Every structure is written in structure tokens, then in C-alpha cells.
Amino acid sequence: MSACVDIILGIQWGDEGKGRVIDRAADEYDVVARFGGGDNAGHTIVIGNQRYALRVVPSGVFHQRPRLFIGGGTVISLEGLLAEFDMLAKHGVDLRRIAISDRAHIVFPYHAALDRAADRARGENAIGTTGRGIGPAYVDKVARTGITFGDLRNPDMLEAKLRRNHSIKVADLARLDLEAVAAFPTFEQLLATTKTFAERIVPHIVDGVSYIHEAFEGGQRILVEGAQGTLLDIGYGTYPFVTSSHTIAGGACIGLGIGPTQISRVTGIAKAYCTRVGAGPFPSELHDEFGLRLRERGAEFGVVTKRPRRCGWFDAVAARYAARVNGLTDAVITKLDVISGFERIGIVTEYRLGGSSVGVEAMGEPDLKPVVTWHQGWNDDLSEVRRIDDLPALPRAYVAELERCIGVPISAVSVGPERASLATV
Ligand code: GDP
Ligand code: IMO
Ligand code: MG
């Protein structure tokens, strides 16, 4: 097979099941690469009785074939990365297969402290961030004051940059939360821990552009793993209730240093319903017994923060929008098993505002009214279905309806969290 770059990303508000879909696909690839975000992501993989939660290491790590690459568009905590390395080593993973781009930015403890203090200061307008320092780290990147993994290889430069940033950040933090400053490490402590972490991380740092292009030019197959979801994109999501990176397919080019002409396939992952963690508009949200049932049956609690996820019906308006902004070639529906046992299932097919039909751009309007189309539910156990055409008639019709809504072919449907629980075409 010849070189390719295929992208798999979320087309809702994150947690669509990207980890499980990527794990399932990864043994057909030579490299699996993350392009954005950091440990705000939590990607779950279930293999037999074992459940793994990955934060920044790509979800191909439980196969022998692929190498794993953390691209230049990411922002990564050294401490978090090493904790993940330790977890993986315990499970027998050869860590030498993991590389990180010299262009990736480092998330320091001051970023996380600022993230939490800033979100608290927003009061009732809080975004409900994961508190991992993602936003403040991207702020530094854009302000051109960030510290990259490449800087870890130059101790003098690292020390100078860290000294400057530490004093600025402590002052910033003092303006938001004096108590947080008291608990904050001194510059000397921060430098010492950074240097200790760097010793283990430096051997994994590569020239990220050469890494990805040499793989491609060598005929290798590259699978690109999205984090978060389309509606959390900094430019095209439900701003300002978004993350601080580009989560859409275009972000993969930026985050890996590749061109759009190299991309063959963009697969969008969507749950058979919708969830969202944190604040922000969610037109199909259910505040009733249906919403509670989705949360319970789907075990909808955050991997990173353990927060209960808000739940609602599938949103066809948002899905169609996501198909456009990502240039989807196909889609995968996850968690179809979760909606077995509902007597009827809704799909939000239209938003109405002041007598007109409106799109995703109007999602934040307080008077927006979602229009729900109803589908007959089913009671079948879907967990053993392995081909989409073998689905019983009602769930098969529901999947066909989702396909019509998204406007691209559905290439797989997942019917359980375990690696094998996937129905394909
Ligand atoms: P990601 O961030 O997109 O990788 O998704 P998460 O791992 O945060 O959340 C998805 C959750 O749904 C995890 O707990 C998965 O184990 C689980 N899951 C994924 N696919 C299915 C499925 O088809 N059925 C069920 N019941 N659970 C699933
Ligand atoms: P995965 O990759 C779900 C949400 C947060 C918050 C907003 C901003 O597992 O799908 P941030 O810490 O990024 O500044 O928070 O984005 N968020 C996610 N929600 N899944 C994720 O990742 C998320 N990453 C960030 O809850 O609303
Ligand atoms: Mg997740």
C-alpha cells in the first residue's frame, strides 16, 4: 500500500469515541500522530477487561506496528507526559516508539494555575475548562513567549526563558488569586524539576517536520488522531465556549506541518446522540428523564475531570456543519448500543429563530428553538453485530437517517466499548 495521511476526528463536542475508533484502525498504519491539544483530552481504549485512558500518547500505542508521534501543534505537560509513559511502560509498551516534535509547546505548572484561576474569575461566564493549562499555553505560543520541546535541548536558553516567564506568570497569577501564588513553586524549584523531566524526555524529541515527511516520502501510512471535537474548535466552534486550538481537519495540516494535498481521507466520529462537558450552547440538550438515561446508559462522565457530561439528541444541523468545515469523506457512529431500549429517539433536524431557519452560527441565541424529528426505538441487543447490514431493521434505519443527515457515507458503527465491538460495511 502506498503512502497516505488519513485523519480521524470528532465532529461533536469531544468524547465521541475517537480513541476506540483509532485503536481499531491503527494496525493498518505505520505512524499514528496527534496534532493538537494536550492532556485536556482523554481517549479511552478497552481491550478485553483492560481499560486504558490516554491523554497525549496517540491511540495506536497498543498495536506493535505503528510508531507514535506527538506533533508540533500540541501543548504538553512534561509531568503529565512522563506519568503516561510510566503507565504505558507498566503495560509493556516500548516507549522508544514514541516521538515528540521539537515544535510542540510545553505546559508548565503556571499555565495550569492560571487556567484555573482565570476560569474561576469568569464567575457565571466560566467556560468550565479542564484546568490543565491548555489555554494559557496557547496564549504564550501566540504571544511568541512560549517554551518548546526543542528548547529543552538547550539548557542555557531554557533557563533564561523559564526565568522570564516564571516572574511574569507569578505576577499574572497574583492579580487573579493571591492564595494560588503562595502555593506556587519558586523559579529554582521549577527549573530543577524541568531539568529532571527533560532528561527522560529529550531522547524522544525529533525534528517534527523531517519525522512526518520522511515517513510519508518513505511510503508509510499515517493516521492522524484528532482531539476534542469540531464544535470546540477555536475558530469554528461555539466560541468562546471552546478549547484554544484548531480541532478541525485544517488543524491537522498546521499541527503536523503537512499540506492539504497530502490528505486522503477525513473520517468524522459522532455518537448516536450528543454530549458536552463544560459550559456553552447545546441546542439538543435534554434536561429530562431521557437525558439522565443517556448519561447512565452511556456512562457519560469525563475521563479527565470526572464531570457528568450533559446529554442530548443527535444534532443533524451541527453534524452537517462539521461535514463541511472538515471536508469529511466518511463518518463513524459510536455508542449505538446506548440508545437501545428507548421507546423513541429524537434527532434535532433544524434550529428556528424568530420564524426563520438558522444554522450553527446562531447556536448561542437564547431564543433558538430546536426542531426534533422522532424515530421509533428498539430493544435489540446490538453488541454482537459486526456488519452494518446485519443491524436489525429499526437501528439500521436510524443509522441510514444519520447518514442522510451528515451527508457522507457511514463506514462503521460501534456497538460497545471493547475493541471488537464494531460493525463495518
Ligand atoms: P474520545 O475522547 O473521543 O476518545 O472518547 P472518550 O474515551 O472520552 O469517551 C468515550 C466513552 O465511550 C469511553 O468510555 C468509551 O469506552 C466508550 N465507548 C466508545 N464507543 C462505545 C460504544 O460503541 N458503546 C459503548 N457503550 N461505549 C463506547
Ligand atoms: P477529548 O479529546 C470533551 C472542553 C472542556 C471545556 C472546553 C475548554 O477527550 O474529546 P480546555 O481545558 O480545553 O481549555 O477546555 O473544552 N474539552 C473537552 N470536552 N472532550 C475533550 O477532549 C475536551 N477537551 C476540552 O470541557 O468545555
Ligand atoms: Mg475524551
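Indexing begins at 1, ligand by ligand and atom by atom, following the structure's order. Owing to the predicted nature of the structure, the values given are computational and were not obtained by experimental measurement.
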Is it the side chain (CB and beyond), the backbone, both or neither of [X] that lies under 4.0 Å from ligand 2, heavy atoms counted?
X: T129; result: both
X: W13; result: backbone
X: R132; result: neither

| Between V46 and ligand 1, does any nitrogen or oxygen pair lie at a separation below 3.5 Å? | no
For ligand 2, which atoms have a heavy atom of [X] less than 4.0 angstrom away?
X: H43; value: 1 (P), 2 (O), 9 (O)
X: A41; value: 1 (P), 2 (O), 9 (O), 22 (O)
X: L232; value: 4 (C), 16 (O), 17 (N), 18 (C), 19 (N)
X: A227; value: 2 (O)

| request: Can you sort out the partners of E289 under salt bridge (Lys or Arg N to Asp or Glu O under 4.0 Å), two or more places apart, ordered by chain and number? | output: R293
If we ignore angles and hydrogens, is there a donor and acceptor under 3.5 Å between the side chains of [X] and [Y]?
X: Q228; Y: T243; answer: no
X: Q12; Y: D315; answer: no
X: R276; Y: T238; answer: yes
X: T275; Y: W13; answer: no

Heavy atom of [X], distance to ligand 2 below 4.0 Å:
X: R276; result: no
X: S244; result: no
X: R309; result: no

Indicate yes or no: does an N/O atom of [X] lie under 3.5 Å from an N/O atom of ligand 2?
X: V277; answer: yes
X: E16; answer: no
X: K18; answer: yes

Regarding [X] and [Y], does a basic nitrogen lie under 4.0 Å from an acidic carboxylate oxygen?
X: E84; Y: R55; result: no
X: R200; Y: D86; result: yes
X: K169; Y: D140; result: yes
X: D23; Y: R20; result: no

Residue, atom name and distance, where the atom is the protein heavy atom closest to [atom]:
atom: atom 14 (O) of ligand 1; value: R51 NH2, 2.8 Å
atom: atom 15 (C) of ligand 1; value: T44 CB, 4.0 Å
atom: atom 11 (C) of ligand 1; value: K335 NZ, 3.6 Å
atom: atom 19 (C) of ligand 1; value: R20 CG, 3.7 Å
atom: atom 25 (C) of ligand 2; value: Q228 CG, 3.7 Å
atom: atom 24 (N) of ligand 1; value: D337 OD1, 2.8 Å
atom: atom 23 (O) of ligand 1; value: S414 OG, 2.3 Å
atom: atom 20 (N) of ligand 2; value: D15 OD1, 3.1 Å

As a check for students: among [options], identify the option with a heavy atom nearest to [atom].
atom: atom 2 (O) of ligand 1; options: G19, G10, G42; result: G42
atom: atom 8 (C) of ligand 2; options: T44, V242, T130; result: V242
atom: atom 10 (C) of ligand 1; options: D15, I45, I8; result: D15
atom: atom 5 (C) of ligand 2; options: G128, G278, G135; result: G128

| request: Identify, with sequence neighbours excluded, every residue that meets side chain to side chain contact (heavy atoms under 4.5 Å, CB included) alongside D30. | output: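 Residues passing side chain to side chain contact (heavy atoms under 4.5 Å, CB included) with D30: R65, Q220, R221.
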| said: No waters, cut-off 2.8 Å: how many protein N, O or S atoms are close to the Mg ion (ligand 3)? | reply: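 Every protein N, O or S atom under 2.8 Å from the Mg ion (ligand 3) counted, the figure is 2.
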If we only count heavy atoms from C-beta on, is the [X] to [Y] side-chain gap below 4.5 Å?
X: T267; Y: D6; result: no
X: I70; Y: L81; result: yes
X: F342; Y: L294; result: yes
X: L391; Y: L336; result: yes

Quick one: [atom1] on [X] to [atom2] on [Y], what's the gap to the nearest 0.5 Å?
X: Y110; Y: L190; atom1: OH; atom2: CG; result: 6.5 Å
X: I339; Y: W313; atom1: CD1; atom2: CH2; result: 7.5 Å
X: I100; Y: L68; atom1: CD1; atom2: CG; result: 11.5 Å

| request: Check whether more than 12 heavy atoms from other residues, nucleotides or ligands sit under 6.0 Å from atom CD of E403, and answer yes or no. | output: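 Yes.
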Please identify which atoms of ligand 1 are closer than 4.0 Å to at least one heavy atom of [X].
X: H43; answer: 1 (P), 2 (O), 4 (O), 7 (O)
X: V415; answer: 23 (O)
X: V338; answer: 26 (N)

| request: Have a look at R396 and tell me which of D390, D389, D380 forms a salt bridge (charged side-chain N to carboxylate O under 4.0 Å, His left out) with it. | output: D389
| said: Which residue in the set K335, R307, K306 passes salt bridge (charged side-chain N to carboxylate O under 4.0 Å, His left out) when paired with E300? | reply: K335
| Sequence-distant partners of Y29, ring-ring contact (aromatic ring centres under 6.0 Å, His included), two or more places apart | none
| query | Does G14 have a non-hydrogen atom less than 4.0 Å from ligand 1? | reply |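 Per 4.0 Å heavy-atom rule, G14 does not contact ligand 1.
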| Is R309 in contact with ligand 1, taking contact as a heavy-atom separation below 4.0 Å? |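 A heavy atom of R309 does come that close to ligand 1.
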